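Chain identifiers are assigned alphabetically (A, B, ...) following the order of the sequence lines, protein sequences preceding nucleic acid strands; residue numbering begins at 1 within each chain. Values in this document were obtained by computation on a predicted structure and should not be read as measured data.
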Amino acid sequence: MPFGDIQNNLKKESLWGSWCPFEYGHRFTALSLEETLMGGQSFDWHPIANLHWRGRVERNIFECRWQNGEAEWRCQKKTVHPEELIEKYFCLGAGYEASLNELPWRSDPILDLCMKQLKGLRILRQPLDQTLFFFILSSAKSIPQIQAIGDAVFQRYGDQLIEDMYSFPGWAKLAEIPEEDLRLLKMGYRAKYISQSAKFINDQPGWLESIPQMKYVDAKNELLKLPGVGAKIADCALLFGGNFLEAFPIDTWIEKSLEKRYSLEGWSTSQKTHFARVHFGKFAGLAQQFLFSAERLGILDKH
DNA sequence: CTCCAGGAGATAT
DNA sequence: ATATCTCCTGGA
């Protein structure tokens, strides 16, 4: 490595604060930390080394890593009140554990296995505007593809946060972008959804911001008004971007999982939604996350 | 080359 | 209500 690069890296490194353990760090495992950041609920995190990720929390850059058997985080020195940001973003605190305890794990051996194998898996509290954006992009796309398209949009239209990370441009900015320009960023048919949803949101100031205050059913019905937002994407936006832990998104993984693990072959999607609400209860979204990750990682077939 | 993804919307029954 | 087709792109 040339001397200039070494100096440059030292300079970059000096911008970072020291590593901190998570306050409830013992609850993460290497697997659950990775799955929380990279499992498809967020598209803000990028791996930069083995078990080491960099990502956005609001307009700040944080890093997380698994080191010496525990989870750690750090952020740039200029970040204001980083502990509060982390606590909020990762939903740290006793309330989350209490919610997990209300899931029917005592009577559901499948859920119990998922929760034991993925101990520490969390649902993040992300901003609704950006989460909605990513999940409109998500239809019939894999996680890396969604992230790549998002990165391109952020880089082209967002603000630069650090060397290679940019902010979510916001719906107001997206409303100004011609649909054809969005198509150039490989959105395909989703470009129309983004463009039209941006106009819808822009034409009704305060509408999107009011959604997190609503009851779940009302919030979902509002989001369903957006072009490109059906039941699945509305539930993803509410669960990952609106702190609605009762939202139970049913994608093809969960659809197949419910059929296979809970013998719901032949049930319609709406019947499965009803089953989930009755069986998993008011924190069904938490159960969904454990079930989804377990299927994705192939955990249930091993046991 | 064909097929189909972590979906939604339009159309037809 | 339910079934089928199409919409872009990229990877198997």
Side-chain angles (χ1 to χ4, degrees), chain A residues 34-45 114 118 121 123-124 126 130-153 156 174 177-201 220-242 244 247-262 264-276 284-301:
Chain A
E34 176 168 33
E35 189 62 15
T36 297
L37 298 176
M38 303 302 294
Q41 63 170 309
S42 173
F43 303 95
D44 279 319
W45 295 89
C114 294
L118 288 162
L121 179 66
I123 286 182
L124 302 167
Q126 303 176 82
Q130 174 189 306
T131 306
L132 178 62
F133 167 78
F134 275 119
F135 279 95
I136 290 176
L137 290 183
S138 74
S139 102
K141 282 287 181 197
S142 66
I143 295 171
Q145 290 174 327
I146 299 161
Q147 193 164 37
I149 297 169
D151 284 346
V153 174
R156 180 89 175 71
L174 292 171
I177 305 169
E179 184 187 321
E180 288 310 310
D181 292 5
L182 293 176
R183 275 184 183 262
L184 292 177
L185 302 180
K186 323 277 180 152
M187 279 190 199
Y189 61 85
R190 303 158 198 82
K192 187 192 291 180
Y193 296 155
I194 292 293
S195 194
Q196 293 184 353
S197 287
K199 290 185 174 66
F200 184 102
I201 292 166
K220 184 169 176 178
N221 281 329
E222 286 302 311
L223 286 182
L224 289 174
K225 293 177 181 173
L226 292 170
V229 177
K232 189 268 178 184
I233 288 178
D235 277 330
C236 283
L238 292 173
L239 178 59
F240 305 129
F244 286 92
F248 192 89
I250 298 186
D251 53 44
T252 56
W253 287 83
I254 291 293
E255 185 105 48
K256 289 177 207 149
S257 180
L258 290 176
E259 289 170 7
K260 187 170 177 184
R261 316 295 176 191
Y262 294 87
L264 302 190
E265 296 92 347
W267 292 44
S268 71
T269 303
S270 62
Q271 287 169 327
K272 292 188 183 98
T273 299
H274 183 252
F275 168 85
L286 287 176
Q288 183 271 358
Q289 201 61 11
F290 283 96
L291 196 57
F292 174 81
S293 288
E295 294 289 1
R296 210 176 73 84
L297 297 170
I299 287 172
L300 288 171
D301 291 319

Item to check | Sole candidate of A:I194, A:L182, A:L137 that passes side chain to side chain contact (heavy atoms under 4.5 Å, CB included) when paired with A:I149 | outcome: A:L137
Item to check | Closest listed nucleotide, where the reference is the side chain of A:W253 and the choices are C:dG10, B:dG7, B:dG6 | outcome: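 So the nucleotide nearest the side chain must be B:dG6.
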Item to check | Closest to the A:Y193 side chain, choosing from C:dT2, B:dA8, C:dC8 | outcome: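 The answer is B:dA8, which lies nearest to the side chain.
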Checklist entry - Between the base of C:dC8 and the side chain of A:R190, is there a donor-acceptor distance below 3.5 Å? => result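 Counting by modelled atom types and ignoring angles, a donor-acceptor contact under 3.5 Å is found here.
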Looking at every strand, decide which applies to [X] at a 4.0 Å heavy-atom threshold: base, sugar-phosphate, or nothing.
X: A:K141; answer: base
X: A:I146; answer: nothing
X: A:R296; answer: base
X: A:L137; answer: nothing

Checklist entry - Would you say the ring centroid of A:F43 lies under 6.0 angstrom from that of A:F135? => result yes
Next on the checklist: Less than 4.0 angstrom from a charged side-chain N to a carboxylate O is my criterion; do A:E35 and A:R296 meet it?
Outcome noted: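 Salt bridge flag = yes for A:R296 with A:E35.
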Item to check | Pair A:D235-A:Q288, side-chain hydrogen bond (donor to acceptor under 3.5 Å, both in side chains): steps then yes or no | outcome: CA-CA 11 Å; A:D235 277 330; A:Q288 183 271 358; over 6 Å; no
Item to check | Whole-Å P distance, B:dG9 and C:dG10 | outcome: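 The same atom, P, in both gives a distance of 23 Å.
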Rounded off to whole Å, could you give me the [atom1]-to-[atom2] distance for the [X] and [N] pair?
X: A:K192; N: C:dC8; atom1: NZ; atom2: P; answer: 7 Å
X: A:I254; N: B:dA5; atom1: CD1; atom2: P; answer: 16 Å
X: A:L182; N: C:dC7; atom1: CG; atom2: C1'; answer: 16 Å

Checklist outcome for this item: Looking only at heavy atoms, the pair that brings A:D251 and A:K232 closest together is CB-CE, 3.6 Å
Item to check | Ring-on-base stacking C:dC8 with A:Y189 (under 5.5 Å, under 30°) | outcome: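 One would not call A:Y189 stacked on the C:dC8 base.
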Checklist entry - For the side chain of A:S197 and the backbone of A:P227, is there at least one donor-acceptor N/O pair under 3.5 Å apart? => result yes
Checklist outcome for this item: For DNA chain B, the expected dot-bracket line (Watson-Crick or G-U under 3.5 Å, [ ] crossing, | inter-strand) is .||||.|||||||
